[in-house]
Amino acid sequence: MDVVIQIVITGLTLGSMYALASVGLSLIYGTLGMFNMAHGLFMTLGAYVAYSVAVAFGIPLVLGIVVAMAAGALIGIITHLVMVRFMLGTADFGTNVLVATAGLGILIEDLLLKVYGGYPYPQPLAVEGFTRIGRVTVTYQAVIIFAVALILILGVAWLLLKTRFGRAIRATALNREAAMLMGVKADTVFLQVMALAGMLAGVAGLMISTQATLSPQMGGDPLLKAFVICVVAGLGNVWGAGLCAFGLALLEAAIGFYIGVRFGFPAMLILVILVLIWRPQGLFGSEKVVRL
Amino acid sequence: MTQLDDLTRHLLIGVLVIATFAVLPVFITQRYLLGEVIVFFIWAMVAMNWNLLMGHAGVFSLAQMLFFAVGAYGMAMGVTFTGMSVWVAIPIAAVSSALLALIIGMACLRLTGAYVALLTYAIAEMIHVLIITDTECFTLVRNNCQQLFGGSTGFSRFDDFGFRPLLKKHWILGNYYTVLAAFGLTIFGVIVIIHGRLGLAFRAIRDNVGYASSRGIDRKKYQVVAFALSALLTGLAGGVYAAHYRFAGPSLFEFSTLMFILAMVVVGGLGSTWGPLIGTGIMMIVVEFSKEMGDARNLVLGLALIIFVVVMPKGLVHLASNAWRKVSHDRQETKADS
Amino acid sequence: MSAVLSCSGLVSGYLNRPVLHGVSLDIPQQGVMALIGPNGHGKTTLLRTLSGFLTLRAGHISLNGTDINRASVHARVESGLIHVPQGDQLFTEMTVEENLLMGAYLCVDGAEVSNRLNEVFALFPKLKDRRNQMASGLSGGERRMVGIGRGLMADAKLLMLDEPSLGLAPLVIEQIYEALGHLRQSGMAFLVVEENPSRLLSFADSLCLMDAGHIVWRGTAEEAKSSGDILKTYLGGQ
């Protein structure tokens with residue numbers, strides 16, 4: 001029983017972080033049709049900025065979250081304004097933007113390395129202490145991660161489903177031209193989506209850094225997981241991404257416990273590939289009928 | 001002048017390029033510079049194959065360095081564990097790379113576009129992580145633990161081409177011509193694919209998947225073939241790399257290496273024939289300079305990728321051919337005037 | 001009567017191939033103007049040019065006397081130029097009600113929006129029953145109703161309908177035109193594009209015939225009926 005509890009808790013903690021990362025990634029893909037290879041660095045940047053502000057002013061975690069969100073939103077906005085905006089609607093947008101954001105990722109990583117150095121820092125915003133469920137230790141930090149992810153994801157869901165703002169985003173994602181005919185400024189929606197996804201990434205980065213340490217490469221692994229999650233959910237399917245994040249995280253936790261941590265990701269990937277052979281459009285993706 | 005068809009014309013250019021490099025050691029004798037040209041051959045092989053996949057076959061693979069690594073590791077493992085000759089190990093390693101590509105391709109190429117990019121990247125990263133986290137000793141080499149796949153240090157100091165005892169202080173020339181041969185093989189292979197029947201199928205698929213498939217061109221089948229062929233040649237590049245440097249290690253999987261090659265393809269011209277060669281040369285020079293300016297390699301790589309994709313998505317070759325067309329057009333006009 | 005929208009000498013099209021070769025048109029403040037003509041001769045291109053998706057190479061467009069040559073798509077929507085595109089272009093994974101609400105996207109007054117929603121439901125009672133259904137699950141006729149309803153949700157000065165009968169069964173076309181008939185009492189201006197003019201001859205106040213990127217004939221429905229040659233030439237004897 002303890003083993004199951006342990007796996008569930010590890011899975012939920014991991015899943016929370018993956019969900020924050022992949023929901024944003026999926027939102028960007030769904031709306032702009034762009035795969036953001038720099039998303040991992042959005043996360044890393046959020047973690048580092050929160051770290052710097054925490055070291056300088058000694059802010060509490062709540063403010064740290066706000067700072068990480070702001071940093072993530074800012075980099076999302078900058079990415080859109082200086083790069084993506086000029087590429088939208090050009091030939092081979094999907095491929096080119098992947099290359100460009102990969103370039104941006106390596107650029108930010110190098111800048112972080114130059115500013116902070118490669119030495120891994122502990123995240124001062126992490127909360128100490130733990131409680132027990134049975135004989136299983138649950139850190140307060142894990143509880144916070146789960147709560148933050150839940151609140152933010154429900155917040156995004158509410159925003160997308162219940163508000164005029166969210167309707168405009170969904171409409172643009174579903175049919176860009178029709179949305180424009182309703183008076184939606186597509187450019188503004190893209191900017192908002194980049195900011196929103198950047199915000200989620202920033203928080204994800206902060207949360208990840210409380211579980212391990214800060215390093216310029218810290219975004220790589222969660223980004224990889226987020227990729228796989230988005231692919232198996234069906235690219236652009238935001239809800240599917242959230243669900244798959246938790247599902248795959250639980251799987252990873254279980255494999256990690258029974259077989260070995262290093263096989264967690266390979267098992268995840270093999271499962272994903274099997275799923276894709278069965279359903280190439282992803283678990284939650286709808287089959288697109290293309291007229292010839 | 002008679003009109004040559006594309007295939008013949010490009011093959012002739014290929015012969016010219018290889019001939020130029022073949023006589024180059026007459027003029028360049030410093031070992032360092034020859035070493036740099038060898039590195040150029042190796043990266044250009046990888047870049048040309050990547051361009052073949054991404055620019056022509058429409059497969060956005062991010063596993064190219066995986067295939068390179070399979071070539072390098074395969075060669076290193078063959079030599080280290082079985083003591084086989086380098087000349088046997090390299091072809092075996094290249095074929096292993098192609099076989100792996102065949103399996104990955106059959107699993108992933110039902111999908112298209114970004115899905116393929118992400119999956120191939122995930123697979124390459126997975127193998128990378130599995131290799132570096134492996135701590136189990138397979139054998140002992142010089143009293144050191146040697147993992148089956150080299151662990152976090154990889155393989156080094158195994159047999160190379162064996163030109164040192166043969167050519168004494170001119171051993172680098174032996175390596176030079178060996179790698180040049182592999183380079184030449186790649187050039188001809190890639191050109192035959194791009195401008196031959198397979199390339200025709202790719203163009204058909206790219207222009208209109210539906211129509212192509214109604215004429216019996218199966219997208220997946222052709223893309224898997226292209227994937228495996230390019231992995232074969234990329235694995236060959238990896239094999240000669242390992243034999244030249246006597247090294248194969250997890251650094252080959254690094255993201256920045258992948259971006260370095262990608263920058264070569266993009267800067268040179270995605271979808272062209274000769275762009276990657278030019279891109280390789282330029283990026284090697286640029287990176288060499290950027291290293292001197294306070295290790296700005298990744299910064300420069302990132303900037304190059306962004307700028308080229310945003311401003312010049314078709315690369316330098318396209319720019320050059322446009323300029324050439326303009327010049328010849330102007331010349332015709334002046335002729336007409338006079 | 002002054003024109004709600006007037007354009008002159010419009011040249012536009014795709015890439016390097018102009019489709020419109022100097023179209024001039026005045027659309028009256030009220031009533032239905034029909035734009036007819038065979039397929040592939042620029043009717044949809046004209047609408048896409050008017051709503052701002054295609055940039056003008058030459059010519060002028062003014063809406064209620066204001067020049068909108070360079071106005072963006074959303075600015076044109078804001079000033080009341082509403083385009084109901086061909087083939088509905090619904091937001092398939094949104095409910096009927098959400099689709100309609102998107103039509104009133106620019107209206108931030110909640111009470112006004114629900115007023116308009118009720119008006120659309122009054123016009124198309126079927127949609128009220130289906131309000132919480134996904135648009136992807138609707139029949140062709142219902143989709144058309146959502147498409148037109150979505151256009152009506154906006155504060156339109158001129159409503160441009162691109163082939164409202166396209167792909168529908170005759171009975172459903174009947175229903176759609178019946179609803180459109182109710183609308184003409186509203187005092188709004190309509191530009192209705194159809195390939196098949198038979199219905200529009202009785203429905204429209206004036207007709208324009210488009211051919212190869214030009215307006216080749218215009219006049220009232222009566223004139224069109226009496227000078228049947230023109231219509232016969234282009235449309236094969238209606």
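Here is the naming used below: chain letters follow the sequence lines, and residue numbers restart at 1 for every chain.
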| task | With a 4.5 Å cut-off on heavy-atom pairs, point out which of B:Val300, B:Leu303, B:Leu301, B:Asp134 contacts chain A the most. | result |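 When all of B:Val300, B:Leu303, B:Leu301, B:Asp134 are compared, B:Asp134 has the most.
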How about [X] and [Y]: do any of their side-chain heavy atoms sit closer than 4.5 Å?
{"X": "A:Phe35", "Y": "B:Leu118", "value": "yes"}
{"X": "A:Val97", "Y": "B:Val309", "value": "no"}
{"X": "B:Arg110", "Y": "A:Leu276", "value": "no"}
{"X": "A:Met83", "Y": "B:Val310", "value": "yes"}
{"X": "B:Tyr121", "Y": "A:Leu224", "value": "yes"}

If you take all heavy atoms of [X] and [Y], which pair is closest and at what distance?
{"X": "B:Ala107", "Y": "A:Ile273", "value": "CB-CG2, 3.8 Å"}
{"X": "B:Ala114", "Y": "A:Tyr29", "value": "CB-CE1, 4.3 Å"}
{"X": "A:Gly103", "Y": "B:Leu305", "value": "CA-CD1, 3.7 Å"}

What's the spacing between [X] [atom1] and [Y] [atom2] if we round to 0.5 Å?
{"X": "B:Asn298", "Y": "A:Ile108", "atom1": "CG", "atom2": "CD1", "value": "13.0 Å"}
{"X": "A:Phe263", "Y": "B:Leu130", "atom1": "CZ", "atom2": "CG", "value": "6.0 Å"}
{"X": "B:Ile306", "Y": "A:Asn96", "atom1": "CD1", "atom2": "CG", "value": "13.0 Å"}

| request: Using heavy atoms and a sub-4.5 Å threshold, report which of residues 250-283 of chain B line up against chain A, by residue number. | output: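 When heavy atoms of chain A are the reference, residues 250-283 of chain B contributes B:Phe255, B:Ser256, B:Met259, B:Leu262, B:Val266 within the under-4.5 Å range.
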| So which bits of residues 49-68 of chain B come within less than 4.5 Å of chain A, counting non-hydrogen atoms only? |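 Within residues 49-68 of chain B, near chain A: B:Met54, B:Phe60, B:Leu62.
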Specify which of [options] makes the most heavy-atom pairs with chain B at under 4.5 Å.
{"options": "A:Leu235, A:Val99, A:Ile270", "value": "A:Leu235"}
{"options": "A:Met37, A:Arg262, A:Met87, A:Met268", "value": "A:Arg262"}
{"options": "A:Ala102, A:Gly33, A:Cys230, A:Ala91", "value": "A:Ala102"}
{"options": "A:Val261, A:Leu104, A:Asp221, A:Val272", "value": "A:Leu104"}

Under 4.5 Å from any heavy atom of chain B - which part of [X]:
{"X": "A:Leu274", "answer": "neither"}
{"X": "A:Val228", "answer": "side chain"}
{"X": "A:Met34", "answer": "neither"}
{"X": "A:Ile277", "answer": "both"}
{"X": "A:Lys225", "answer": "neither"}

| field | Those residues that, when tested against A:Thr172, pass side-chain hydrogen bond (donor to acceptor under 3.5 Å, both in side chains) (two or more places apart) | value |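 A:Thr172 satisfies side-chain hydrogen bond (donor to acceptor under 3.5 Å, both in side chains) with no residue once adjacent residues are dropped.
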| query | How would you list all residue pairs meeting side chain to side chain donor-acceptor pair (under 3.5 Å) that involve residues 37-49 of chain A, not counting sequence neighbours? | reply |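 Found A:Asn36-A:His39.
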